[in-house]
Amino acid sequence: MQKTLLLVDGSSYLYRAFHALPDLRSPDGAPTGAIYGMINMLRRLRHDYPAAYMACVFDAKGKTFRDDLYPQYKAQRASMPDDLRLQIEPIHEAVRIMGWPILMVDGVEADDVIGTLAVDAVKHEMSTVISTGDKDLAQLVNPYVMLINTMSNEKLDRDGVIAKFGVPPERIIDYLTLVGDTVDNVPGVAKVGPKTAVKWLTQYDTLDGVIANAANIGGAVGENLRQALDWLPQARTLITVKTDCDLASHMASIPESLTQKPEDQAAMVDFFTRYGFKSWLRELTGNPTAGARPLPAAPAHAATAAVQAGLFEHGADAQAATHPPLRQYETVLTEAQLSAWLARIDQADLTSIDTETTALDPMTAQMVGISLCSEPGVAAYIPLAHRYQDAPPQLSRDRVLTVLKPWLEDPTKAKVGQNLKYDAHIFANHDVALRGIVHDTLLESYVFESHKSHNMDSLALRHLGLKTITFEEVCGKGAGQICFDQVAIERATEYAAEDADITLQLHYAMWPEIRKDAGLTHVYEKIEIPTSVVLQKIERNGVSIDRALLSVQSHELGTRLLALEQQAYTLAEQPFNLNSPKQIGEIFFDRLKLPVIKKTPSGAPSTDEDVLQKLAEDYPLPKILLEYRGLSKLKSTYTDKLPKMVNPATGRVHTNYAQAVAVTGRLSSNEPNLQNIPIRTAEGRRIREAFIAPPDGVIMSADYSQIELRIMAHISGDANMLRAFADGIDIHRATAAEIFGVAASDVSSEQRRYAKVINFGLIYGMSAFGLAGNLGIERAAAQNYIDKYFARFSGVAQYMADTRAQAKARGYVETVFGRRLWLPEINSPNGPRRQGAERAAINAPMQGTAADLIKLSMIAVQDWLERENLQSKMIMQVHDELVLQVPESELALVTENLPALMAGVAQLKVPLTAEVGIGKNWDEAH
DNA sequence: CTGCTAGCATA
DNA sequence: GTATGCTAGCAGA
């Protein structure tokens with residue numbers, strides 16, 4: 001094999017080049033980023049992989065066999081952005097005039113053309129290099145075919161494929177069939193990801209082996225596999241790249257038709273002029289200053305600044321943007337370096353900042369180093385506290401923080417980071433108040449694509465096509481994990497400086513996308529960024545916990561649990577672990593022969609609360625177990641755990657609010673979760689007695705009343721519902737009056753209870769089946785209620801229909817404030833999944849708008865507290881409730897203003913109301 | 001030691 | 001019937 005064939009998967013690079021580069025413009029304002037990226041890539045490829053034969057392959061028009069086989073093929077894919085569409089023709093033109101043979105075959109995808117050529121090349125004794133960003137093509141790799149990804153510089157030969165995927169190339173089709181391809185909307189087996197797929201293929205060798213053994217695979221994934229058995233052959237066909245396409249009519253012969261043609265220099269001069277690629281132009285026209293010049297930091301900075309200022313339309317040099325990937329990373333060890341960097345960031349329009357620490361817990365972690373970046377590709381790492389044998393002398397933490405403090409605390413010095421809430425805590429741990437947080441890439445990603453992952457490694461891959469160094473690669477994992485202060489400073493610089501660099505680049509990739517939409521921009525700038533600043537303060541405030549009280553409760557619960565345990569053993573006539581659903585199942589259903597009411601998803605008889613409730617009607621043991629479960633949950637999750645979470649330094653509990661987890665826009669709370677403290681049962685409520693006020697103050701709780709139903713009234717505009725809220729009457733009573741056709745004053749408590757369940761069901765996108773289950777009535781009866789409801793509240797019925805339609809047409813729904821909530825499965829061919837997405841679509845605008853409103857409340861309240869210089873502090877948020885600690889001296893003022901602030905954050909078609917409670921502890925405050 | 005299931009706390 | 005996080009048990013490393 002002497003000769004090489006170089007094949008470029010042009011279609012896969014289009015999107016990547018488009019998204020990886022800033023919004024470059026030609027002198028007359030046309031978008032040029034993708035054109036620039038594509039030309040740059042082809043130039044580098046030809047340099048790095050000199051080949052006798054070559055071709056650039058694009059998808060062409062026309063339906064392919066895959067569309068016929070599977071109408072949903074690529075159905076998830078958003079239509080091509082206009083700015084990219086405009087660049088397609090110029091890209092084809094550029095490829096042609098650069099002398100590359102170009103292949104587009106109507107009705108055949110680029111992948112299949114490439115597959116066919118790669119197989120053909122072997123017959124002509126050529127080896128093939130395929131340049132692609134698409135992992136699917138790994139199935140083509142063999143001793144004569146390898147893949148390269150020019151964006152990540154990754155090379156995949158046979159060993160590379162095995163290293164990356166865990167299976168050899170000949171198993172890639174099987175692997176992808178199991179995992180599925182979300183990009184092309186080809187589902188695999190539900191809940192099967194790379195790990196399970198590799199496990200199965202290792203165990204059963206091939207997909208056919210896995211299918212043959214489907215009956216032997218346990219658990220929920222086993223069931224999912226069996227569900228997918230009919231589908232898998234079709235998925236395999238879709239995923240298999242064709243290697244036998246008829247290309248005869250499109251080229252005279254291989255290899256002759258795939259030789260490089262001479263560059264059309266005149267056309268190139270014209271082309272580069274038209275699109276403003278000045279340095280390539282200089283190179284062509286023999287200008288002595290061009291060509292030899294490497295791409296240093298300065299032009300990169302100039303380009304970035306130009307992008308920020310929107311100057312590209314005026315013909316700035318697009319070429320100086322980002323390529324080649326620059327990694328000018330500096331370790332700052334001297335005062336002189338520190339001064340130089342301070343001067344740099346002080347001048348910069350925007351600086352990305354990242355801290356390395358000793359721990360994940362933001363309240364106790366100590367700073368190990370700081371990284372900074374103000375120009376893509378040029379970053380600094382300032383090690384402060386690396387402590388290992390022979391670690392070089394570092395600038396002291398105190399010294400560096402003293403030098404940087406004025407800049408860090410200056411609200412006019414704009415900062416960006418990935419989850420700056422964390423870094424703000426770290427700085428606060430060292431008495432620095434981070435200000436000037438104007439951007440956060442975590443929140444940009446969350447606002448832009450709520451349903452995708454937001455960690456930096458996946459963001460870098462998705463938006464920049466770059467593979468980053470992971471924390472695990474640097475520090476290891478599990479028991480073998482080392483603290484960052486043990487990492488060699490050279491290695492730490494590569495990792496930490498990259499983080500700051502990538503963060504800045506991610507910002508330049510995502511921010512222009514958000515800016516295109518006024519709603520997203522509003523949600524990001526006016527809700528998420530200010531919320532993150534408020535959250536950091538709430539987390540830092542923490543909440544005071546009465547450890548002694550919890551300890552007493554733990555003890556009491558322990559005693560009662562012990563007694564229940566003994567009673568259970570007696571009734572079962574043997575000891576068993578009451579915490580083990582498996583052992584309970586054996587006792588109940590094998591030994592005592594109790595009836596099986598329902599099964600868990602994996603097929604075992606269920607022992608959940610509903611089942612035990614039912615069985616308790618006829619048997620004594622389930623009743624004991626119910627009580628045991630309830631008390632055991634209280635003890636293990638709350639009374640035992642909360643005292644352990646008290647921060648020794650502050651004497652308070654500091655939860656972490658995750659701002660980019662819930663796909664609806666809600667916050668979530670962890671370590672500990674303070675959003676699921678019991679309230680429904682008297683036993684559980686006692687936990688809240690341990691959330692106490694400071695000696696001179698009270699706990700104040702303010703919650704929005706019926707917020708989601710109010711939002712439903714607002715969005716749907718339903719006249720009956722709007723009137724009920726306008727009149728300020730009990731909404732469940734009003735609903736019952738409508739459904740049952742009686743006067744509001746004649747609604748029975750039973751009727752009100754039904755109406756309440758129906759109202760909640762509506763918020764959750766209920767079905768007759770679900771309502772029946774909840775009310776314990778026949779399905780037909782439930783349907784009857786739903787029909788009556790929709791007859792009386794026709795605006796709500798219309799809203800439900802409109803929301804479903806919008807979700808299906810656009811793939812997302814919106815909150816009142818323009819937050820987008822994506823529903824990837826809304827057009828899934830899988831019925832249950834699709835229906836699940838439909839219910840989520842109904843619920844999301846209400847839950848999401850409520851989330852927007854309370855975030856606005858938090859911003860307004862914090863702003864007011866600071867403006868008035870009050871001592872009152874927000875200490876918790878529980879979705880529709882804000883909890884504050886308020887000194888006695890401010891009690892009257894805050895009681896009056898808090899609900900008014902919350903009610904006033906938005907003017908909807910219905911009034912918003914917030915109810916306030918006060919007490920010495922959280923239980924009393926309700 | 002890791003990942004999964006069942007069960008259950010909240011809005 | 002929406003959205004989360006945490007615990008214990010358990011199976012396979």
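Chain naming here is simple, since letters A, B, ... match the order of the sequence lines and numbering starts at 1 in each. All of these numbers come straight from a predicted model, not from anything done at the bench.
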**OP:** Scan A:Tyr638 against the nucleic acid and name what it touches under 4.0 Å (heavy atoms): base, sugar-phosphate only, or nothing.
**Re:** sugar-phosphate
**OP:** State whether A:Asn676 places a side-chain N or O below 4.0 Å from either non-bridging phosphate oxygen (OP1 or OP2) of B:dC8.
**Re:** no
Original post:
Taking atom P of B:dG7 as reference, at what distance in whole Å does atom CG of A:Asn673 sit?
Top reply: 21 Å
**OP:** Calculate the interatomic distance between A:Gln877 atom CD and C:dT4 atom P; express it in whole Å.
**Re:** 14 Å
**OP:** Count the heavy atoms belonging to other residues, nucleotides or ligands that lie under 6.0 Å from NZ of A:Lys808, then report whether that count exceeds 12.
**Re:** yes
Subject >> Over 12 non-hydrogen atoms of neighbours within 6.0 angstrom of CD in A:Gln574 >> reply: yes
**OP:** Tell me what A:Leu771 touches on the nucleic acid: a base, only sugar-phosphate, or nothing, going by heavy atoms under 4.0 Å.
**Re:** base
Original post:
A:Phe588 has an atom CZ; how far is it from atom P of B:dG7, in whole Å?
Top reply: 11 Å
**OP:** Select one nucleotide: of C:dT2, B:dA11, B:dG7, the one nearest the side-chain heavy atoms of A:Arg666.
**Re:** B:dA11
**OP:** Please work out if A:Val757 contacts a base, only the sugar-phosphate, or nothing of the nucleic acid, heavy-atom cut-off 4.0 Å.
**Re:** base
Original post:
Looking at the side chain of A:Glu609, which of C:dT4, C:dT2, B:dA9 is the nearest nucleotide?
Top reply: B:dA9
Original post:
For the side chain of A:Asn774 and the base of C:dG1, is some donor closer than 3.5 Å to an acceptor across the two?
Top reply: yes
Subject >> Presence of donor-acceptor pair under 3.5 Å, side chain of A:Asn579 and base of C:dA8 >> reply: no
**OP:** Would you indicate what A:Ser632 reaches in the nucleic acid, counting non-hydrogen atoms under 4.0 angstrom: base, sugar-phosphate, or nothing?
**Re:** nothing
Original post:
Counting any heavy atom closer than 4.0 Å, what does A:Glu708 reach on the DNA or RNA strands: base, sugar-phosphate only, or nothing?
Top reply: nothing
Original post:
Taking the six-membered ring of A:Phe769, is the NZ or CZ of A:Arg779 close enough (under 6.0 Å from the centre) and on axis enough (within 45°)?
Top reply: no
Subject >> Note: A:Arg560-A:Glu683 ion pair, threshold 4.0 Å (strictly below) >> reply: yes
Original post:
B:dC8 base to A:Lys633 side chain: any donor-acceptor pair below 3.5 Å?
Top reply: yes
Original post:
To the nearest Å, how far apart are A:Gln675 CD and B:dA9 C1'?
Top reply: 12 Å
Original post:
When you check the side-chain N and O atoms of A:Glu528 and A:Gln659, is any donor under 3.5 Å from an acceptor?
Top reply: yes
**OP:** Could you tell me the separation between the CD1 atom of A:Ile687 and the P atom of B:dT10, rounded to a whole number of Å?
**Re:** 10 Å
Subject >> Among B:dG3, C:dT2, B:dG7, the one nearest A:Arg629 by side-chain distance >> reply: B:dG7
Subject >> Side-chain N,O (A:Ser668) to OP1/OP2 (C:dG5) below 4.0 Å >> reply: yes
Original post:
Is the phosphate of C:dC10, meaning OP1 or OP2, less than 4.0 Å from a side-chain N or O of A:Ser580?
Top reply: yes
**OP:** Remember a base hit wins even if backbone is also touched, and classify A:Ile679 as base, sugar-phosphate or nothing at under 4.0 Å, heavy atoms.
**Re:** sugar-phosphate
Original post:
Quick one: does A:Arg680 reach the base of B:dA9 with a side-chain donor-acceptor pair under 3.5 Å?
Top reply: no
**OP:** Output the single nucleotide from C:dC6, C:dG1, B:dG3 whose closest atom is nearest the side chain of A:Tyr764.
**Re:** C:dG1
**OP:** Could you state the atom-to-atom distance from CD of A:Gln659 to C1' of C:dT4 in whole Å?
**Re:** 16 Å
**OP:** Would you indicate, yes or no, if B:dG7 has its OP1 or OP2 atom less than 4.0 angstrom from a side-chain nitrogen or oxygen of A:Thr600?
**Re:** no
Subject >> Nucleotide of C:dA3, C:dG5, B:dA11 approaching A:Val661 most closely (side-chain heavy atoms) >> reply: C:dG5
**OP:** Report the residue (A:Ala479 or A:Thr196) whose heavy-atom-nearest nucleotide on DNA chain B is the more 5′ of the two.
**Re:** A:Ala479
Subject >> Minimum-distance nucleotide to A:Lys641 side chain [options: C:dG1, B:dA9, C:dT7] >> reply: C:dT7
Original post:
Which part of the nucleic acid, if any, lies within contact of A:Gly765, taking any heavy atom under 4.0 Å across all strands shown: a base, the sugar-phosphate backbone alone, or nothing?
Top reply: nothing
**OP:** Quickly work out the A:Arg839 CZ to C:dG1 C1' distance and round it to whole Å.
**Re:** 6 Å
Original post:
Do A:Arg629 and A:Thr607 have side-chain N/O donor and acceptor atoms under 3.5 Å apart?
Top reply: yes
Original post:
How many Å lie between OH on A:Tyr785 and P on C:dG1, as a whole number?
Top reply: 18 Å
Original post:
Do A:Asp361 and A:Thr364 meet the criterion of a side-chain donor-acceptor pair at a distance under 3.5 Å?
Top reply: yes
Original post:
With respect to the side chain of A:Ser602, which nucleotide from B:dA6, C:dA8, C:dG5 is positioned closest?
Top reply: B:dA6
